[in-house]
Amino acid sequence: MITWFRREARDLPWRRPGFPAWGTLVSEIMLQQTQVARVVPRLEAWLTRWPTPADLAASPPADAVRAWDRLGYPRRALALHAAATAIATDHGNVVPRDVDALLALPGIGDYTARAVAVFAYGDRHPVVDVNVRRVLARAVLGQGQPGPAKAKHDLPLMESVLPADREDAAATNAAVMELGALVCVSRAPACDACPIADRCAWRAAGYPEHDGPRAPRQAKFAGSDRQVRGLIMAELRGSDVPVMRSEIEPVWPDAEQRDRALASLLRDGLAVGDDASGYQLPGV
DNA sequence: AAACCGTGGGC
DNA sequence: TGCCCAAGGTT
């Protein structure tokens, strides 16, 4: 497993020697529900502009949202800015190493907290993302697809597979994740190229169809409030001055849905303003 | 705890 | 083409 990883691992920015913990944190938040290929260029630009948390904290949230551009889920940009502010003020501008301290930061949950502790600091924790859940579902549980994510179940399962040694455990976390991303993929797994095919419970059972509960499918995007929010955000990102309501109208025909989307953006803090002064990104 | 939150690539 | 999927988190 670890041998396979050392041979096959992709050359990614966050695997470079000396890559800062701050970079790991930024990369992990960017990678939430977002493909590696789309993250890499944004990550490099981000770290060049904001080399430390304090640098980001010194910029207005609007700059973070603009730099986020079209990565998606712009709340992440706002959360990252808030996390950087907390790190700069409460943690001496040093990304926390403790999992509970990381969990206390906005936008950081079970996966991201452990990913930072393990990949930035080399500590021994189970790291469970969608790739890991799929590999465990197949290799250990003998199921074709993972069920709904459940930390209470997923973390102990990964823990049971981790080597005792700290460095080996970190390498195993990365290796299982990489295996799920490159070989044990969701649709057409490349079992011929799998280093643990001879130990895979799913393969041994003859690849049975999945019967248990599946992870819930995403709601349709076309025509959704999420789509309208995205269109409004693109409008706000593209303007240096407040955007009037009349300028938002053209982005979507349904006025009621438009208003609902704008109201939700205001509630999320991704937009500020009113009809009189116009709407813009937060903090100038 | 189910629902919501963007965007784009692959097939 | 339309659907599945992607290094999840928050409410």
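Lettering of chains follows the sequences in order, A, B, ..., and the numbering in each one begins at 1.
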Between [atom2] of [N] and [atom1] of [X], the distance in whole Å:
X	N	atom1	atom2	answer
A/Leu105	C/dT10	CG	C1'	15 Å
A/Asp129	C/dG8	CG	P	5 Å
A/Phe5	C/dA7	CZ	C1'	12 Å
A/Leu71	B/dG8	CG	C1'	11 Å
A/Trp68	C/dG9	CH2	C1'	12 Å
A/Phe221	C/dC4	CZ	C1'	15 Å
A/Glu178	C/dA7	CD	P	10 Å
A/Tyr73	C/dA7	OH	P	13 Å

Point to revise | Ring centres under 6.0 angstrom apart (A/Trp22, A/Trp50) | key: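 Centroid separation for A/Trp22 and A/Trp50: 6.0 Å or greater.
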Review point. Phosphate oxygens OP1/OP2 of C/dA6: is one of them under 4.0 Å from a side-chain N or O of A/Arg134?
Key: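 Answer yes for this pair, as a side-chain N or O of A/Arg134 is under 4.0 Å from OP1 or OP2.
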Point to revise | Short side-chain N/O contact to B/dC5 OP1/OP2 from A/Ser224, under 4.0 Å | key: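 Looking at the OP1 and OP2 atoms of B/dC5, neither is under 4.0 Å from any side-chain N or O of A/Ser224.
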Exercise for review: On DNA chain C, check which nucleotide each of A/Pro106 and A/Arg15 is closest to and give me the residue with the more 5' one.
Suggested key: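 Counting from the 5' end, the first nearest nucleotide belongs to A/Arg15.
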What does [X] touch in the nucleic acid at a heavy-atom separation under 4.0 angstrom: a base, only the sugar-phosphate, or nothing?
X	value
A/Thr112	sugar-phosphate
A/Asp110	sugar-phosphate
A/Ile232	nothing
A/Gly109	sugar-phosphate
A/Pro216	nothing
A/Val130	sugar-phosphate

If you check every side-chain atom of [X], which of [options] has the closest atom?
X	options	answer
A/Arg75	B/dC5, C/dA7, C/dC3	B/dC5
A/Gln218	B/dG6, C/dC3, C/dA7	B/dG6
A/Arg226	C/dC5, B/dG6, C/dA7	B/dG6
A/Thr34	C/dG9, B/dG6, C/dA7	B/dG6

Distance-only, no hydrogens or angles: does the [X] side chain make a donor-acceptor pair with backbone N or O of [Y] under 3.5 Å?
X	Y	value
A/Glu247	A/Glu235	no
A/Asp110	A/Ala151	no
A/Asp154	A/Ala149	no

Practice item. Determine the interatomic distance between P on B/dG6 and the same-named atom on C/dT11; round to the nearest Å. Key: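 Straight-line distance between the two P atoms is 14 Å.
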Review point. In whole Å, what separates the P atom of C/dA7 from that of B/dC11?
Key: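 Nearest-Å result for C/dA7 against B/dC11 at atom P: 14 Å.
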Point to revise | Pairwise side-chain hydrogen bond (donor to acceptor under 3.5 Å, both in side chains) hits with a residue in residues 131-140 of chain A, at least two apart | key: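 For residues 131-140 of chain A: A/Asp129-A/Asn131, A/Asn131-A/Arg134.
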Indicate yes or no: does [X] engage [Y] in a salt bridge with an N to O separation below 4.0 Å.
X	Y	result
A/Arg16	A/Glu44	yes
A/Arg124	A/Glu159	yes
A/Asp254	A/Arg260	no

Please write out each protein N/O paired with an N/O of nucleotides 9-11 of chain B under 3.5 Å, distance rounded to 0.1 Å.
none

